[in-house]
Amino acid sequence: MIVAFKKKNRSEDVLDNGPKGGAVGVLTDVSPQGENIGGQSRPSSESLNAKTIDPGASSEVRQVRLGEVLISSNLITEAQLDQALEMQRDAGGRLGEVLVSLGALSEQSLAHALANFFGFEVANLRRDVFDPEVLTLIPESVARETVSFPVRLEGDNLYIAVAEPSDELRVRLSQASGKPVQLLIAPLGDIRWAIDSSYHALGSVDKLVQAFQSVEGSRKRNTEPAGPLIVADDAPVVQVVDRILTQAMRDRASDVHIEPADDIVRVRFRIDGALKEVLQLPATIGPGLVSRIKVMANMNIVERRRPQDGQLTIMIDGKEVDVRVATTATIMGESCVMRLLDKTRSVLRLNDLGMPVKTHAAYSKIVRSPFGMVLCAGPTGSGKTTTLYATLSEVNNPTINVMTIEDPVEYIFPTINQIQTNEQAGLTFATGLRSILRQDPDVILVGEIRDVETTRVAVQSALTGHFVVSSLHATDSVSALHRFLDMGIESFLIASSILAVVGQRLLRRICPSCKTTYTPSDEEMIFYQEGGGTPKETFYIGMGCNFCSNTGYKDRIGVYELLIMTPELRRLIVGWATQEELRNMAVKQGMSTLRQEAINLVTQDVTSIAEVIRSMYTL
């Protein structure tokens, strides 16, 4: 939020539009019935229509006045204001944004404080229903540049939510829309989210498809064409691919699925672990889409019968995004899946993963061991790589040599030596791991253990004085141990090398904007009680709103079980004990299972019973 005030007298208030030396509006029409905040008169909203320019007020004074307003409203303390002003002098930025980044107050609290002071209405972008026709009045480029969002049209007046109210902005939006504009206030994050979710990059896809069909004519779908389909750089299919990737990033999708069917091509996004269909295209455009993606990923566009893997980098909304591409032939045509990796996203620290306090303390102690192996186990998309990188962040320091072998390198650490596998050059996990052992490493990260050769080298590395962390596809921590046994690794080597196994899942959080009480079904209550849930009367679920795309869930949280190798467990492993015997012993020694941890999140109203059943019913 980017607004500041300077109190001059009861009939003159200054509205700062930021420290860039922009116009400063002076409110001259003060309503005598205005409310007071901290003893200061609040002007009426109509007074924004009578503003003059006051170029004399310094940015520093105006920012301090904003702080005084927030202090008088009991939203922040003087110490927090001093800290924010110091950070602002060092790094720049707006005072409101700095206070929010410090956690001194939320964007919602800041928006309500400013709205009360000016007499503006607060726009609830999370619940309000938007009219698609209103969006056409403000071009997307203007909305993004001014951080504004058109909410509704009443009569001839266009109501627009902004984070930085000023007369200059109101005039500009009025000129862009051709209508009288009334400003509303909304949190900056909500406005940016509303722009991303409402101005769809896929909005003009229909016109591009028509242009493609007019050029291609009545081309029939053919899973084995006579030759490659060459796609020009300015062809409509190129723009369709760009728009699909852009919309996927704006929707926070982790994967994009392009799947041919009988007479259509389905495009689905995986958002927070669940697939959602976003687009249906005619079957004729399918081969062109896949060919364009293959060109971008330097793959063989002629070969359509065998599976292929590739990788590309693309700029989306100013962010550099890595995309992993995998194609395979189906009976309906070639299917393509793309995994999106935002390189600008910061790596989480270990204490940011959401581990319970007891689990976090035990795991932090284990990862500081000088040798041995720690495994992260879970299915695809369960957050294993995030846990591995958080572990590296915890142990990395200038006194040790940390090396990784990954496919691909998802995040770059400036002080860690990272190796990217390259099968065409003969650099696999196993060969890369052998080369790492000659580089005098202290800590080794193996991106994924996939085969017996890699497993054996990793176990030997752990036994010869190196600390190894890796991921493994398994349902939980106990099954990961049996996977090693199934690969043919001797049981005594497993018992000697492995220090701990972390089993994990990701559960969707209930959306805070539409969280409401409900009565669970009989099946849900039985599941909750059998999982050891604490008796409670009130349960919550998300009803669906704009903020969560009507799914009822927003973001995800990790669920972890930590199996620590003890002498008793080692004896069981050497004796080839069953998974049930190993699990019972681990629980007896204090391990909290995935199901128990998930039920605890239901008790804390973080997620719903239905989400736990969907993710880990049998665990």
Side-chain angles (χ1 to χ4, degrees), residues 249 252 254-255 272-273 311 313 319-324 339-356 359-369 372-421 429 432-433 436 439 441-450 454 458 461-462 466-474 477 480 499-507 555-562:
M249 279 298 297
R252 303 178 301 108
S254 60
D255 300 88
D272 289 338
Q311 188 172 352
T313 301
K319 297 179 180 179
E320 190 175 10
V321 181
D322 276 348
V323 184
R324 280 190 286 179
R339 169 152 292 189
L340 309 181
L341 306 171
D342 186 358
K343 299 180 71 173
T344 63
R345 188 175 52 186
S346 60
V347 177
L348 294 177
R349 302 286 298 182
L350 201 57
N351 54 5
D352 296 328
L353 294 180
M355 286 184 178
T359 303
H360 175 264
Y363 185 72
S364 298
K365 183 179 178 180
I366 290 170
V367 298
R368 286 173 172 79
S369 302
M373 180 186 292
V374 173
L375 293 173
C376 293
T380 302
S382 60
K384 299 187 297 297
T385 303
T386 300
T387 301
L388 291 180
Y389 280 130
T391 303
L392 287 189
S393 300
E394 191 77 9
V395 303
N396 184 34
N397 65 73
T399 65
I400 63 174
N401 179 23
V402 181
M403 299 196 69
T404 74
I405 176 75
E406 307 171 60
D407 180 26
V409 175
E410 297 187 14
Y411 302 99
I412 297 177
F413 290 82
T415 59
I416 291 178
N417 302 304
Q418 296 172 273
I419 301 173
Q420 166 81 54
T421 62
F429 278 110
L433 189 51
I436 285 176
Q439 297 291 318
D442 296 292
V443 177
I444 303 172
L445 180 146
V446 183
E448 183 182 344
I449 291 180
R450 301 175 178 173
T454 305
S461 302
H466 305 92
F467 181 69
V468 181
V469 291
S470 184
S471 67
L472 183 71
H473 283 270
S477 57
L499 301 175
V501 184
V502 180
Q504 62 184 86
R505 287 289 194 283
L506 291 177
L507 293 178
D555 294 328
R556 291 186 287 178
I557 186 172
V559 183
Y560 304 90
E561 68 176 16
L562 178 61

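Note that the structure is a prediction, hence the values are computed from the model and not measured.
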Can we say R339 and E410 salt-bridge, meaning some charged N sits less than 4.0 Å from an Asp/Glu carboxylate O?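 No.
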Is it the case that the side chain of [X] and the backbone of [Y] share a donor-acceptor pair, with hydrogens and angles ignored and the cut-off at 3.5 Å?
X: N397; Y: V395; answer: yes
X: K319; Y: D342; answer: no
X: N417; Y: N401; answer: no
X: Q420; Y: V409; answer: yes
X: Q504; Y: G558; answer: no
X: H360; Y: M355; answer: no

Under 4.5 Å between any side-chain heavy atoms of [X] and [Y], yes or no?
X: R505; Y: P379; answer: yes
X: S470; Y: T454; answer: no
X: H473; Y: E448; answer: yes

Criterion side chain to side chain contact (heavy atoms under 4.5 Å, CB included) on F429 and I449, from CA distance to verdict: CA-CA 8 Å; F429 278 110; I449 291 180; over 6 Å; no
May I have the step-by-step check of side chain to side chain donor-acceptor pair (under 3.5 Å) for T385 and Y411, ending in yes or no? CA-CA 10 Å; T385 303; Y411 302 99; over 6 Å; no
List the steps, then state whether side chain to side chain contact (heavy atoms under 4.5 Å, CB included) holds for D442 with V402. CA-CA 6 Å; D442 296 292; V402 181; over 6 Å; no
Test side chain to side chain contact (heavy atoms under 4.5 Å, CB included) on Y560 and T387 and set out the steps. CA-CA 10 Å; Y560 304 90; T387 301; 3.8 Å; yes
Could you check V469 against V367 for side chain to side chain contact (heavy atoms under 4.5 Å, CB included), going step by step and ending with a plain yes or no? CA-CA 9 Å; V469 291; V367 298; 5.5 Å; no
